[in-house]
There are 2 protein chains.
Amino acid sequence: MAERQLPGPSASESGAPQAAGRARARKQRPVLDLGVLDGHLGYFVRRLQVWIFQDFVRTLSAFDIRPAQFSVLVVIEANPGLSQADLAETLGIERARLVRLLDGLERRGLTRRRPSPTDRRSHALTLTDTGVATLKRIKSQAAEHEAHLANRLGADKRDVLLKALRNFA
Amino acid sequence: MAERQLPGPSASESGAPQAAGRARARKQRPVLDLGVLDGHLGYFVRRLQVWIFQDFVRTLSAFDIRPAQFSVLVVIEANPGLSQADLAETLGIERARLVRLLDGLERRGLTRRRPSPTDRRSHALTLTDTGVATLKRIKSQAAEHEAHLANRLGADKRDVLLKALRNFA
DNA sequence: TATTGTTATACTCTATAACTATA
DNA sequence: TATAGTTATAGAGTATAACAATA
């Protein structure tokens, strides 16, 4: 794991790592003009999203879990017995991609595909006992990641954003 | 280009395509529980970001340009003569990836790498005349995409988000 | 005819590591 | 020693098409 500075999510837990690690000098760069990018919401949404993903992956590195995998585990837990098609539709993931995603989670013993009692084409998805136990710990770490975000963004601003975006998709 | 429905950005320009194309019936799906995802800002930021990218690509399909390419063109135009390292740092793109990105734009005659007058290791990036002219038209389409977003999100909410995120990265 | 899960392909993007030529 | 541009690789993710089994 290499060190990362500036725009990336900080590896330090809190506040100012000022006099701690004797931060190496970095090349000074000119502040550039963003041009019309400054008026495009998409640019800033993307920057925020990248920051969030990086912090999520780092904060949950002990579990080797990525945001997409997390979302799959959470939705299966909340809706046991659901089908792959329904899961894919809910999360906006391609059915085709979900296959590999579930293969991975299944190989790790976290999820299970059972035959659907009502439709022989589809699978009924559930968490294994290990999956439930592991997800409990994962959720705890994910909450810590969310705290990082609130800290970085300001708790008030984070709440505003959450409410504003909740009804979007 | 296949049809796309529901969560994706609508292909229709405005309002309600209700009685127009006699939309095909879609399988009815149960509304699933998002579980703790509902409290994670990252999930909704990701959904919004995906929507924005899709609408951007569709709205600018006549130019075959993607968000990353757009951001590169805009920042070069606003900071002629800048280096690849500075551009990469500003946009949060890996230096390694920027190389291919610029190769593509250069092949299309939009950008140019000139020798830096002060540092023989680095390049001074500029738009070509074609690049300037093309970008002008691209920016017009990008503005239309931004209008779609404001329409979808609500103009007021869009403004709030832009202000909230501008100072993030 | 349409849907479910699946396989396959192409492309974008992130994350790294390494190399060369310069500074 | 460090930086600039480059090449290469591995993996995630998107987009798309096709197929067999089933509805």
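Residue numbering restarts at 1 for every chain, and letters A, B, ... go by the order of the sequence lines.
The main-chain N or O of Val75(B) is found under 3.5 Å from a side-chain atom of Asn79(B) such that the two form a donor-acceptor pair.
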Without placing hydrogens or testing angles, list every side-chain donor-acceptor pair under 3.5 Å for residues 154-162 of chain A, not counting sequence neighbours.
residue: Arg158(A); atom: NE; partner: Glu146(A); partner atom: OE2; Å: 3.0
residue: Arg158(A); atom: NH2; partner: Glu146(A); partner atom: OE2; Å: 2.9
residue: Arg158(A); atom: NH2; partner: Gly39(B); partner atom: O; Å: 2.7

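Minimum interatomic distance between Gly81(B) and Thr126(B) (heavy atoms only, all atoms of both residues): N-CG2, 4.0 Å. When every heavy atom of Ser71(A) is checked against every heavy atom of Leu37(B), the shortest pair comes out as CB-CD2, 3.7 Å. The two residues Gln69(B) and Leu101(B) make their nearest non-hydrogen contact at CG-CD2, 3.5 Å.
With sequence neighbours excluded, the residues satisfying side-chain hydrogen bond (donor to acceptor under 3.5 Å, both in side chains) with Arg29(A) are Asp86(B). By the salt bridge (Lys or Arg N to Asp or Glu O under 4.0 Å) test, Asp33(B) pairs with no residue at all, sequence neighbours left out. With sequence neighbours left out, the salt bridge (Lys or Arg N to Asp or Glu O under 4.0 Å) criterion links Arg166(A) to Asp38(B). Ser140(B) pairs by the side-chain hydrogen bond (donor to acceptor under 3.5 Å, both in side chains) definition with nothing, not counting sequence neighbours. Qualifying side-chain contact (heavy atoms from CB on, under 4.5 Å) partners for Ser122(A), counting only residues two or more places apart in sequence or in other chains: Ser83(A), Ser116(A), Asp119(A).
Taking 4.0 angstrom as the limit, Arg58(A) places none of its side-chain polar atoms (N or O) nearer than this to OP1 or OP2 of dA15(C). Taking side-chain N and O atoms only, Lys27(A) has a distance below 4.0 Å to OP1 or OP2 of dA4(D).
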When you compare the protein's N or O atoms with those of nucleotides 21-23 of chain D, which come within less than 3.5 Å of each other, and at what distance?
residue: dA23(D); atom: OP1; partner: Arg120(A); partner atom: N; Å: 2.9

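Geometrically, Arg152(B) engages Phe168(A) in a cation-pi contact, judged by NZ or CZ lying under 6.0 Å from the ring centre and within 45° of the ring axis.
Among residue pairs with one or both ends in residues 95-146 of chain B, those qualifying as ring-ring contact (aromatic ring centres under 6.0 Å, His included) are Phe56(B)-His145(B); sequence neighbours excluded. Pairs of residues two or more places apart, or lying in two chains, that qualify as salt bridge (Lys or Arg N to Asp or Glu O under 4.0 Å) and include a residue from residues 126-143 of chain B are Glu77(B)-Lys139(B).
Looking at residues 103-116 of chain B, you'll see that no heavy atom sits under 4.0 Å from any atom of DNA chain C.
In this structure, the helix from dT1(C)-dA23(D) to dA23(C)-dT1(D) shows an angle of 10° between the axis at its start and the axis at its end, each fitted on 5 base pairs and rounded to 10°.
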B/S/- contact track for nucleotides 9-14 of chain D, protein heavy atom under 4.0 Å: ---SSB

